[in-house]
Amino acid sequence: MRYRDILDAIGDTPLVGMPRMSPKPGVRLWAKLEGQNPSGSVKDRIAKRMIEAAEDSGALTPDRIILEPTSGNTGISLAMVARRKGYRLTVVIPDNASSERISLLELFGAEIVYSPGEKGTNGSIEVARALARDDRYYMPFQYGNPANPLAHYEGTGAEIVRDLPEVTHFVAGLGTGGTLTGVGRRLHEHNPDVKVVAAEPELGELVYGLRSLDEGFIPPIFDESVLDRRFLVSSSDSLRATRELTEKEGIFAGISSGAVVHAARRIAQELDKGDIVCLLADGGWKYLSTEAWAPEIERAEKGVSETLWW
Ligand SMILES: Cc1ncc(COP(=O)(O)O)c(C=O)c1O
């Protein structure tokens, strides 16, 4: 493939079989590898889409500063897009975000404002909303921006239909709900029988990038009617599946991907045949400092937590 520009290289990610992760031969599991996007996550899709929509509508002009609350990936993607297009960017991020995320934001030239770690992304949203009262800022706000699900409807979802028309299930993590809403709508248009499943952390458990609807905040862009099922996953099950992905399939993915694959395997156990697409939102690189892949004995010695993950 040849592209004129890095932003044209966003999307069209590979769909890769995971035969060794499936509990039954008749049920095929597929990984949509979003870590292959230029800045390393699914969020490149929505960053480009939200910025270009704001340019087209006139909401974003060269004198304004882009401002966004994010657990990391959207900030990194926005920083890449802002760099390439010449905008300034301020991100609000929980102060316990992994060091790799902060380094990536810095290298793309973003300004970082920290919010209290214990409040998670809800704390970042609060801080960003207060800053956004200043007119110099333009806030795309991924939780409420229709360009977020649209990027998945026209991109991610259409790619799955093209590459696997026989798809029976789609499983993705729930953060803003943009992936599930956009892909779910596209897949239901293709075949109303396709089941759309959200992987959510158990209440009080942390899986980076994901949120539980039971915390009380329902993102405005999230269309709950698209969901056929919610699947609650613990941090330790997510970590175990993330490690297994590397061991069995040679796929190096982030922790939310483990949550998705864990949910998909449970669903596979209930079926005789099917084609389940798992959205793997990012690669494992940004989580290396968390020791998630360290040998079990080292993790135990260092007291690496299997239950509280951030
Ligand atoms: C690592 C990771 N996985 C999954 C998600 C969830 O995606 P979405 O915001 O489209 O629900 C996000 C983003 O929030 C994320 O950063």
Side-chain angles (χ1 to χ4, degrees), residues 11 13 31-37 39-47 49-50 68-79 91 93-94 97-98 100-101 104-105 120-122 124-125 140-153 155-157 170-186 196-201 206-213 215 217-224 226-227 230-231 233 235 238-239 241-242 245 252-263 278-287 290 292 309-310:
T13 51
K32 181 85 172 141
L33 294 183
E34 292 300 310
Q36 303 283 57
N37 280 300
S39 89
S41 87
V42 67
K43 295 293 182 174
D44 284 357
R45 295 177 183 270
I46 71 159
R49 200 57 199 242
M50 291 192 303
E68 188 71 7
T70 158
S71 67
N73 277 335
T74 303
I76 294 161
S77 297
L78 281 171
V91 294
I93 184 168
S98 73
E100 293 95 331
R101 286 169 190 244
L104 278 163
L105 288 167
T121 32
N122 288 349
S124 308
I125 293 172
F141 198 55
Q142 59 173 338
Y143 295 90
N145 191 322
N148 170 359
L150 196 61
H152 292 292
Y153 175 85
T156 330
F170 174 70
V171 188
L174 187 118
T176 63
T179 308
L180 286 158
T181 302
V183 175
R185 282 179 182 155
R186 185 66 192 82
V196 176
V197 182
E200 284 178 50
L206 293 167
V207 178
Y208 211 110
L210 306 191
R211 64 168 57 245
S212 161
L213 290 179
E215 274 172 26
F217 174 67
I218 311 283
I221 50 121
F222 177 51
D223 175 5
E224 242 183 301
V226 91
L227 282 193
R230 293 170 57 197
F231 208 100
V233 186
S235 307
S238 307
L239 281 163
T242 308
L245 263 179
F252 179 50
I255 315 295
S256 80
S257 302
V260 167
V261 170
H262 177 79
C278 299
L279 188 122
L280 308 195
D282 59 5
W285 300 101
K286 291 185 298 287
Y287 308 88
T290 62
W309 207 262
W310 191 245

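The first residue of the sequence shown is numbered 1, and numbering continues consecutively from there. What you see below is based on every heavy atom in this structure, not just the backbone, and it leaves out hydrogens, waters and symmetry mates. First listed ligand is number 1; within each ligand, the first listed atom is number 1.
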Under 3.5 Å donor-acceptor, [X] side chain and [Y] backbone:
| X | Y | answer |
| --- | --- | --- |
| S98 | K286 | yes |
| S124 | T70 | no |
| S257 | L280 | no |

Under 4.5 Å between any side-chain heavy atoms of F222 and L174, yes or no? yes
Side chains of D44 and E34: does their closest heavy-atom pair fall under 4.5 Å? no
Taking all non-hydrogen atoms of both residues into account, name the closest pair between V260 and G173 and its distance.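 Residues V260 and G173, closest heavy atoms: CG2-N, 3.4 Å.
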Would you check whether [X] has a nitrogen or oxygen atom less than 3.5 angstrom from a nitrogen or oxygen atom of ligand 1?
| X | result |
| --- | --- |
| G175 | yes |
| N73 | yes |
| R101 | no |
| S256 | yes |
| T176 | yes |
| G177 | yes |

To the nearest 0.5 Å, how far apart are CZ in F170 and CG in L180? 6.0 Å
Which distance, rounded to the nearest 0.5 Å, do you find between the CD1 of I255 and the OG1 of T242?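 One finds 4.5 Å between CD1 of I255 and OG1 of T242.
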Using a strict cut-off of 4.0 Å, indicate which atoms of ligand 1 neighbour a heavy atom of [X].
| X | value |
| --- | --- |
| K43 | 7 (O), 8 (P), 9 (O), 10 (O), 12 (C), 13 (C), 14 (O) |
| Y287 | 1 (C) |
| T179 | 7 (O), 8 (P), 10 (O) |
| G178 | 10 (O), 11 (O) |
| G173 | 6 (C), 11 (O) |
| A281 | 2 (C), 3 (N), 4 (C) |
| L210 | 3 (N), 4 (C), 5 (C) |

Apply side chain to side chain donor-acceptor pair (under 3.5 Å) to N122 and R211, showing your working. CA-CA 10 Å; N122 288 349; R211 64 168 57 245; 3.2 Å; yes
Between L174 and ligand 1, which part of the residue brings a heavy atom under 4.0 Å of the ligand: side chain, backbone, both or neither? backbone
Does only the side chain of Y143 get under 4.0 Å from ligand 1, or the backbone, or both, or neither? Count heavy atoms. neither
In sequence, state the C-alpha distance, the side-chain angles, and the governing distance for T74 and Q142, and then conclude on side chain to side chain donor-acceptor pair (under 3.5 Å). CA-CA 8 Å; T74 303; Q142 59 173 338; 2.7 Å; yes
